[in-house]
Structure formats: C-alpha cells, structure tokens
Participant: 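Sharing a structure below in structure tokens format, with a few things to ask.
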Amino acid sequence: MQKNVSTVNSAAEILTLKSKIEEKDKEIAQLKQKLEHMNELLLNAQRARFGQSSEKREYVMPEGQEQIALFNEAEAEQNVKATEPSEETFVVAAHTRKQKRTIEELAKSLPVDEIIIELPEEQRECSTCGGQLKLIGKKFIRQEIHIIPQQIHLVKYYSSSYACETCEKNTGYAHIVTTVTAPPLLKHSLASPATVADVMTKKYVDGLPLARQEKIWKRCGVELSRATLANWIIQTSQSWLKPLYRRLKKHLLEQDVIHADETVVQVLKEPDKPATSESRMWVYASGKRELKPIRYFEYQPDRSGENARRFLKDFHGCLVTDGYSGYNKVDGVVRFGCWTHTQRKWREAMPKGATTATSKAAVGYDFCNKLFALERKLEKLDSATRKLARQVEAVPLLEAYWLWLDTLDAVSGSKLEDAAKYSRNQKEYLSAFLEHGNVDISNNLAENAIRPFVVGRKNWLFCDTVKGADSSAIVYSLVETAKANDIEPYNYLLYVLSMMPYIGMNPSNAELDQYMPWNPELRDILKRSRTRSVASTE
C-alpha cells in the first residue's frame with residue numbers, strides 16, 4: 001500500500017514538473033520574441049543613424065546564389081563577349097564613374113567678360129627700330145569664375161509734372177499732366193518685388209531662416225529685423241500670392257491623378273493649443289503624366305482625414321497615398337497604395353546580411369524589387385500600352401506575391417508581422433494600378449514634393465503664427481510648382497510680385513491663368529528677361 005502512495009506521488013510530481021517546464025518554455029519563447037523585437041528596433045535605429053538615407057534599390061541574393069563557390073568562380077563568371085571597362089565606365093566602390101563635364105558645360109549659362117592685357121600707349125614703340133607696334137592677335141591664357149557680392153540700393157521714385165505753355169498763354173490756365181509711378185508692393189514700406197522675392201527664395205528654397213538673413217542684411221549695412229522680413233512675407237503672400245494659390249488648387253482638382261502626403265509642423269501661437277503641440281502640413285501633387293505639374297501645400301491644425309476629405313471633395317480621379325487610414329474618408333475617388341512603403345516595411349524587418357534563403361522579409365523585399373524593375377522597363381510607354389503590359393507581366397508577379405504572403409507565418413509583434421499585415425490590409429489599393437496605366441505604383445512624387453519643406457523645417461524649426469504657417473504653404477506651393485515646371489523660383493516670384501499689383505486685389509481667372517508656371521507665354525517672358533539680364537552684364 002505504501003508503494004502505491006509513493007507511485008501516485010511520483011506521478012503528481014511528474015505532472016507538476018511538466019507543467020513548470022511548459023511554463024518555462026512559454027516564458028523562454030516570449031523572451032526570445034521580445035529579444036528578437038528589441039534587436040529589430042536596434043537594427044532600425046542603427047539604419048536610421050548610420051545607414052543610407054536613399055531608398056535606391058538594394059540587391060538581395062535569390063535563394064541558391066548567396067555565395068559563389070570560390071573554386072569555380074572563373075568558369076561560372078566567364079563571358080567571352082564581355083567588353084573591357086573604359087575610363088568612363090570603370091566601376092569603383094559600388095558606383096559608376098561618370099564622364100567628367102567640361103568647363104564649357106559647367107559655365108554655359110554664365111555671362112562672359114573678356115580681359116585683354118594690352119601694352120600701354122607709351123610702350124608701343126619697337127625697341128629694335130623705333131617703329132609703332134600694331135596689335136596682331138590675342139592668346140587665351142586662362143579663365144576664372146568671378147562672383148559679384150550682393151548689392152543693395154535704395155531706389156527713390158519721383159513723378160514728373162508737365163504744363164502746356166500754349167494753354168497757359170491763351171487761357172491763363174495751364175494744362176498739367178503728371179506721370180504715374182508703378183504701384184507699390186506694400187504701402188509705406190521699403191519692400192520691393194526683388195527684395196521680397198530674394199527673402200522668400202532664401203527661406204523656402206534654400207532653407208535659410210530669417211534670423212540668418214537678418215545677419216546677412218546687417219553685414220551689408222542695413223538694419224532689418226526678422227520681424228520686418230516676416231511681415232514682408234506674410235503681407236505679400238496674403239495680398240498678392242493668395243489669389244494665385246487658390247487658382248492653383250482649382251487646376252489641381254481638375255487633374256486625373258493626385259498624390260497626397262502630410263508631415264509635422266509646429267505652430268507656437270495657435271488658438272486653443274499649447275506651443276508644443278503638432279500641426280500638419282499637407283501636400284498634394286499632380287500625377288507624373290499630367291500636363292500641368294502642380295505642388296500644393298495646405299496647413300491644417302491636425303492630421304484628421306477630414307482635412308483630406310474637405311480638400312478633395314470636388315476631385316473624382318485617382319488618389320495615390322500611403323497606408324494612413326484617414327484617406328478612407330475621401331469619397332468619390334479611386335484609391336491607390338504605395339509599393340515604396342510596402343518595400344520599406346520589408347526592409348525594416350530584414351536582419352543584417354539577410355538573403356532570400358535566410359530571411360522571409362528578404363523574399364518580400366525581392367518581390368518589390370522585381371516589381372519596380374518591371375515598372376522602370378515600362379516607364380516610357382503611353383498609359384494605355386503600359387496598362388496592357390502590366391496585365392501581361394505584373395499580374396503573374398503579384399499573384400505569386402499574394403500566394404507567398406498567405407503562407408507566411410510571422411511571430412506576433414515582430415516587424416515581419418507588421419510588414420505582412422501592411423500588405424494584407426493594403427491589398428486592394430496595392431493592386432489597383434493594374435487597371436490604370438496613368439498611375440504610378442508608389443507615392444514617391446508626394447514624398448519628394450514635401451521633402452523641401454522637411455529640409456527647411458530642420459533650419460527654421462517652427463512657425464510663429466497660424467497666418468505665418470498659411471503664408472509658408474502659399475509660398476511653398478508657388479516655388480515648388482515653379483520648380484516642377486523647370487522655372488527658376490526667384491525669377492518666377494520676382495515677375496509675379498512685380499505684375500500682380502497692376503492687376504489689383506480681385507483678378508479674374510483668365511488674368512490669374514497668365515501667371516501659372518506652365519503657361520508658355522509666361523515661360524517665354526521669363527526666358528527673354530533672363531537673356532536680357534545676361535546680355536546686359538556682358
């Protein structure tokens with residue numbers, strides 16, 4: 001009997017030990033999962049700090065090709081038709097050496113001044129016979145780039161009055177005519193179109209904060225505070241540039257394809273919000289194949305999808321975005337996802353040294369690489385032909401991708417799970433491009449459009465007021481649209497600020513269309529004005 005009790009106790013102990021072992025195994029699995037997650041976070045932090053910022057294609061070796069055997073490398077790689085590398089194509093340290101540009105190519109747009117060193121008159125006597133020396137030619141010695149520092153002038157305008165002497169002689173009263181001066185940009189202000197265009201270009205194109213511009217003005221001998229410079233920007237934006245800004249939106253909403261994105265902006269003096277709160281700068285860009293390249297910025301106090309819904313309520317085309325769910329509130333559009341974001345998710349889940357044989361994330365990344373390679377091949381096709389080509393070549397690739405994704409079993413909470421979940425949730429939007437040849441497969445256009453704002457924000461950090469943030473959106477819209485149309489931003493701002501005061505505060509749509517950057521007449525005017533300015537310096 002005692003033996004049976006001992007046997008029962010031993011069985012109970014075994015069950016207890018098994019239970020403890022299972023608990024320990026579960027705890028170990030959780031700790032491994034947590035360790036893997038922490039390693040992913042560390043790797044992504046190291047990538048963000050030390051890795052490349054560019055998202056150019058990285059190569060992931062397909063399964064079975066991770067390492068070329070050392071002893072049969074010559075036989076495997078032999079190609080009798082391979083061309084010898086030249087000086088222009090020689091590859092060094094993972095980049096292709098480009099052919100050097102000539103000095104003439106570098107300086108082709110610069111005005112040219114010639115300095116000819118001649119003998120003084122008193123030295124033009126021949127030392128041999130005493131005859132007069134005559135110029136018979138010149139020899140080129142060298143050339144230099146010469147810079148003329150910024151010059152500031154105070155320009156005073158006077159009107160002239162004219163009287164008719166005949167009228168005064170016959171009637172005793174003179175007929176007087178007075179000339180009319182150009183309308184001022186701002187009343188009772190020293191601001192000129194050239195000055196304000198320069199301040200705007202330095203801040204919004206070159207990312208130079210007003211505080212630094214204030215110091216530059218001081219070095220030139222002019223005491224101008226950053227508050228004055230800010231007033232110039234805000235007042236001219238609200239008075240003269242805002243009508244163009246509103247008209248730009250009308251043209252944007254008439255496009256077939258729009259890309260959308262948003263980023264953080266801090267506004268210190270925003271009603272009912274602490275200074276440390278985050279607002280948003282939204283950007284909307286016309287599609288790459290649209291005839292009117294447009295970049296439109298809009299300031300909003302938050303990231304709510306209602307902002308996009310209100311902005312796009314009159315738009316009924318194709319909308320390309322990232323995976324932010326707020327865009328689901330936009331009605332009457334066809335939504336498209338971004339394969340760049342999809343690829344980015346797989347990249348974040350890839351461990352160091354990943355290959356398609358050792359990492360499931362690398363397999364997903366490689367699928368994205370193949371899709372982008374196909375898109376590059378189809379880039380120059382017209383929209384209808386590209387749609388047909390996608391049906392033939394992209395459909396099988398996507399079918400394989402979704403089938404592979406269904407077999408993927410990722411650890412809960414891992415980056416791999418995040419990447420897989422992103423693709424599954426965005427499947428409808430990521431596949432929509434197959435039916436629309438005029439739509440790109442990524443939202444890079446919007447991200448590139450918003451990048452100048454992000455770069456500038458690193459320098460000026462925040463906006464002081466809501467009106468300042470709104471003015472920044474106006475100027476960014478105009479200068480980035482000018483750049484998208486291959487127009488120098490300063491030249492565009494100078495022309496617009498010079499001409500808008502003549503039109504007045506309530507211009508018609510036809511008048512505003514004359515100043516849209518894609519207008520061929522405006523482009524011709526800016527080209528001719530630049531040619532005249534270059535010729536005048538020669």
Participant: Who pairs with A211 by side chain to side chain contact (heavy atoms under 4.5 Å, CB included), at least two apart in sequence or on another chain?
Facilitator: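 Partners of A211 under the side chain to side chain contact (heavy atoms under 4.5 Å, CB included) test: R226.
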Participant: List in chain and number order the residues that pass salt bridge (Lys or Arg N to Asp or Glu O under 4.0 Å) with D322, two or more places apart in sequence or in another chain; answer none if no residue qualifies.
Facilitator: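 Scan of D322 (salt bridge (Lys or Arg N to Asp or Glu O under 4.0 Å), adjacent residues dropped) gives none.
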Participant: Does D406 have any side chain to side chain contact (heavy atoms under 4.5 Å, CB included) partners at least two apart in sequence or in another chain, and if so, which?
Facilitator: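 Result, side chain to side chain contact (heavy atoms under 4.5 Å, CB included) vs D406: none returned.
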Participant: Using the salt bridge (Lys or Arg N to Asp or Glu O under 4.0 Å) rule, collect all pairs that involve residues 250-260, keeping only residues at least two apart or in two chains.
Facilitator: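 Salt bridge (Lys or Arg N to Asp or Glu O under 4.0 Å) check on residues 250-260 returns no pairs.
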Participant: What residues, two or more places apart in sequence or in another chain, satisfy ring-ring contact (aromatic ring centres under 6.0 Å, His included) together with H436?
Facilitator: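 Listed in chain order: F336.
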Participant: If you look only at pairs with a residue in residues 407-428, which of them pass as a ring-ring contact (aromatic ring centres under 6.0 Å, His included), with sequence neighbours excluded?
Facilitator: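 Residue pairs passing ring-ring contact (aromatic ring centres under 6.0 Å, His included), neighbours aside: none found.
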Participant: Sequence neighbours left out, cut at 3.5 Å: what donor-acceptor pairs do the side chains of residues 325-333 make with other protein atoms?
Facilitator:
from: N328; atom 1: OD1; to: R335; atom 2: NH1; distance (Å): 2.7
from: N328; atom 1: OD1; to: Y429; atom 2: OH; distance (Å): 3.4
from: N328; atom 1: ND2; to: S325; atom 2: O; distance (Å): 3.2

Participant: Listed by chain and number, what are the side chain to side chain contact (heavy atoms under 4.5 Å, CB included) partners of E22, not counting sequence neighbours?
Facilitator: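 Checked E22 against side chain to side chain contact (heavy atoms under 4.5 Å, CB included); zero matches.
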Participant: Kindly write out the residues that satisfy ring-ring contact (aromatic ring centres under 6.0 Å, His included) with W518, not counting sequence neighbours, or none if the list is empty.
Facilitator: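 With neighbours one apart ignored, the set is H251.
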Participant: Please enumerate all residues that pass ring-ring contact (aromatic ring centres under 6.0 Å, His included) together with W404, with sequence neighbours excluded.
Facilitator: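 With sequence neighbours excluded, W404 shows a ring-ring contact (aromatic ring centres under 6.0 Å, His included) to W346, F367, given in chain and number order.
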Participant: Among pairs that include at least one residue of residues 387-399, which meet side-chain hydrogen bond (donor to acceptor under 3.5 Å, both in side chains), considering only residues two or more places apart or in two chains?
Facilitator: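 Sorted pair list: E375-R390, K377-E393, Q391-E435.
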Participant: Kindly write out the residues that satisfy side chain to side chain contact (heavy atoms under 4.5 Å, CB included) with E379, not counting sequence neighbours, or none if the list is empty.
Facilitator: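 E379 satisfies side chain to side chain contact (heavy atoms under 4.5 Å, CB included) with K288, R386 only.
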